[in-house]
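By convention in this document, chain letters (A, B, ...) are assigned in the order of the sequence lines, proteins followed by strands, and residues within each chain are numbered from 1. No experiment lies behind these values; they were computed from the predicted model shown. Note: hydrogens, waters and symmetry copies are ignored here, and every other heavy atom, side chains too, is used.
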Number of protein chains: 2
Amino acid sequence: MQSGTAPPSLKSLAAALGLSTATVSRVLSGQGERYRISRVTRDRILAQAHGSGLVVDQLARSLRLRRTLTLGLVIPDISNPFFAQLARQIERHARHRGYAVFIADSEEDAAVEAQAVTLMLSRQVDGLILAPVGTPGTGAALHALRQRPCVLVDRLLPEHSLPAVSSDHRQGAVLAVRHLVERGHRRIACVQGSPGTFANDERIAGWRSGMQAAALACPDWLIRGSGYSIEAGVAAAHELLQLPQRPSAVLALGNLLALGVLRAVREAGVLIPDELSLVAFDDQLWATVTSPPLTIIEQPIEELGRQVLELLLERIAGPMNDPPERRILPARLIERGSVRSLAPIPPASCNPSP
Amino acid sequence: MQSGTAPPSLKSLAAALGLSTATVSRVLSGQGERYRISRVTRDRILAQAHGSGLVVDQLARSLRLRRTLTLGLVIPDISNPFFAQLARQIERHARHRGYAVFIADSEEDAAVEAQAVTLMLSRQVDGLILAPVGTPGTGAALHALRQRPCVLVDRLLPEHSLPAVSSDHRQGAVLAVRHLVERGHRRIACVQGSPGTFANDERIAGWRSGMQAAALACPDWLIRGSGYSIEAGVAAAHELLQLPQRPSAVLALGNLLALGVLRAVREAGVLIPDELSLVAFDDQLWATVTSPPLTIIEQPIEELGRQVLELLLERIAGPMNDPPERRILPARLIERGSVRSLAPIPPASCNPSP
DNA sequence: GAGAGTTGCACAATCGATTGCGCCCATCAA
DNA sequence: TTGATGGGCGCAATCGATTGTGCAACTCTC
């Protein structure tokens, strides 16, 4: 409190008390008992520490301990609600465990991603959570791979064997297609994000799988779009609307794509769900106030965040040579108003919990 | 490259080259010329550094230099699109300047905020950007204030004289009210966020000011709501809809509140804009796909992010005793479809650029 | 009252990079 | 040969905290 101009440090506190930094350090780190520091001394130190508002320099501490209590999180787009919510969960859990989190936005650019990872590694983060840029074969993860614990989230990299957590993109798409098929839809189109991306390709695979399970054809011309942006969604939807054999339903593989589809549909004067049904990935706050409210595939974001952090901390604590664990969490269909029934609904269950 | 198990460090590189760490350090930090290191040696060092993928330990560097090239950002809710976009801008600009950014979510809780700030200060961030929790009189900023450069964004703290950047909340509200008044609305209600919060109160003040400029009464019962959540928006809107003298227009002071209003209105079977007009703060991607598309007050998020970072870096570079600068950026009204004209529009301009 | 055991704390090396100071060697003039 | 000059680089202290080791002083015990 009265330290005045001197920055409060462990050293200054020791001097003020006529003790050595060693003793102060041991008491402040809770090792007082182990080192048999007398209760009197302990109390004096703790009192002075609280009184002076001492905050020990984690920099020096980290240097010595080779442990920073700091994590890195690199995601492709913070302003994408899915990643924003994910980041929120991860940061929250990390904070509760005493970790601070560097967050960086890779802008879906491999070079930026590599730069961000390097920036974090140079600051000696204890571990890294990566939602890698879509384009495969990027080298960013390679550095992280060998140097620090690293866990992937949402998007896996097939070429690297890293621990990862994601939702079951494929099953989510299957769910959506089944829902549509059960309501009589036969020509179901896809508005995709970035082809080559794990999540996207898995969802496409799920779509195919769902279509084939219903003995429906799934020609490539039913798949449109490239990139997770509203504009891309608009363009893809316009293409689909102009097909001679217009699909009766669209599956949008991302929330921004869904917005694009909605915009295109409005521009074309097409009514949802009367003339076109829509199911979209990712639940969003606004999905209940569009007209109509959107039927969506919801990813368990909170659980994703919790588990990816847990997995990372395990890797940090334990030996690195464990086989990389992959956790796939189930997605869920939430029915609202954007799907029209073209036929009586068969008795099959439409949303089994796996 | 061949360092094998030894972590690549400045020291190991020096050993491999038969040089001292001093020389290597000077070359790698670009001081080779100043210290007259021969070109041959310089090239050897740089070649080896690139070859081995050396990343110098910023921890040790920061300890010595008393400078971490690290910033802290604390916002009330990362998943709120406004803050997510703001964080994105700030992080992007910081990265371009070589800074890494800790981001924390204070959950609109003063205790969490204080914890997050302490976590960052202990890690010796060079500076802090704070969108402080609404409740006034919290002490979090007090610590930061005296210890490190700190700049506020979006929400100012009247009781502390800290540099700050925000949009002109008051003028934004005036803009909205004027727009509504010009279209014949006389009873214009407010769905507010957290009373006592700077942004909220400024917007309320703007609403009053706009109403009074049009010689309209602004009784307190036209102001509803507490808290920036969808649920709060729903509740406030329901209250307004049940008033004996129902307002003809609502001004929602936040994007989540707007969603709440939309939901409540839908539940009540009220049509926008036919039976109720709506203007909301913050532009959002989904604001164009609601029915109807929302007329909104847009804050210059990109510019906010750019300027707050710039201001912080100025404080870091320069002396701290400059008078705290405040930059207020103009807001803008974007007309879409959620306002009904009750009267012929007078010739007055409705969206002057200040 | 001397040796054994215990209590309570300090010394100093260490983490990895930075930097003021100064040493060594080569060259050149006298 | 000697002294002066300057180029090229190393020594060692430093940033602030951690921790193995060791050393006083104090308490027991016979």
### Message
Less than 4.0 angstrom from a charged side-chain N to a carboxylate O is my criterion; do A:Arg315 and A:Glu325 meet it?
### Response
no
### Task
Would you mind telling me which residue lines up with the more 5' stretch of DNA chain C, A:Ala60 or A:Ser38, judged by nearest nucleotide?
A:Ser38
### Length of the line joining B:Arg26:CZ and D:dG7:C1', which is rounded to integer Å
14 Å
### Query
Checking all strands, does B:Leu19 fall into the base, sugar-phosphate, or nothing category for heavy-atom contacts under 4.0 angstrom?
sugar-phosphate
### Query
Atom CZ of B:Arg44 to atom P of D:dG8: distance rounded to whole Å?
14 Å
### Query
Rounded to whole angstrom units, what separation is found between the CZ atom of A:Arg36 and the P atom of D:dT21?
14 Å
### Task
Give a yes/no on whether any side-chain N or O of B:Tyr35 is located under 4.0 angstrom from OP1 or OP2 of D:dG7.
no
### Message
Less than 4.5 Å apart, side chain to side chain, heavy atoms only: is that true for B:Leu156 and B:Ser166?
### Response
yes
### Message
Does A:Thr41 reach a base, just sugar-phosphate, or nothing at all? Heavy atoms under 4.0 Å.
### Response
sugar-phosphate
### Task
Measure from NZ on A:Lys11 to P on D:dT18 and round the result to the nearest Å.
13 Å
### Message
Measure CG/A:Leu63 against P/D:dT19 and give the value in whole Å, please.
### Response
13 Å
### Query
To the nearest angstrom, how far is A:Arg67 atom CZ from D:dT18 atom P?
10 Å
### Message
Need one value for B:Leu28: base, sugar-phosphate or nothing, where a base atom within 4.0 Å counts as base even if backbone is also close, heavy atoms only.
### Response
nothing
### Task
Assign each of B:Gly18 and A:Ser29 to its nearest nucleotide of DNA chain D by heavy atoms, then name whichever residue's nucleotide is nearer the 5' end.
B:Gly18
### Query
Under a criterion of less than 4.0 angstrom to any heavy atom of chain B, what are the 5'-terminal and 3'-terminal contacting nucleotides of DNA chain C?
C:dG16 to C:dG20
### Summary
The residue, A:Val24 or B:Arg39, whose nearest nucleotide of DNA chain D is more 5′ is B:Arg39
### Query
Judged by atom type as modelled, is there a donor-acceptor pair below 3.5 Å linking the side chain of A:Thr118 to the main-chain atoms of A:Ala114?
yes
### Task
Using a heavy-atom cut-off of under 4.0 Å over every strand shown, decide if A:Gln58 touches base, sugar-phosphate, or nothing.
nothing
### Task
Compare all side-chain heavy atoms of B:His93 with those of B:Arg88 and state whether any distance is below 4.5 angstrom.
no
### Task
Would you mind classifying the nucleic acid contact of A:Gly32 as base, sugar-phosphate or nothing, using non-hydrogen atoms under 4.0 angstrom?
nothing
### Task
Give the minimum heavy-atom separation between B:Pro132 and B:Val153, together with the two atoms involved.
CD-O, 4.3 Å
### Message
Using a 4.0 Å heavy-atom cut-off, does A:Arg61 contact any base of the nucleic acid, only the sugar-phosphate backbone, or nothing at all?
### Response
sugar-phosphate
#### Entry: Salt bridge present between A:Glu108 and A:Arg155 (N-O < 4.0 angstrom)
yes
### Task
Report which part of the nucleic acid B:Thr21 touches: base, sugar-phosphate, or nothing (heavy-atom distance under 4.0 Å, all strands).
base
### Query
Rounded to the nearest Å, what distance is computed from the CZ atom of residue B:Arg66 to the P atom of nucleotide D:dA13?
20 Å
### Pair A:Glu302 + A:Arg306, salt bridge at N-O below 4.0 Å
no
### Task
Taking only Lys NZ, Arg NE, NH1 and NH2, and the carboxylate oxygens of Asp or Glu, determine whether B:Arg327 and B:Glu310 approach each other closer than 4.0 Å.
yes
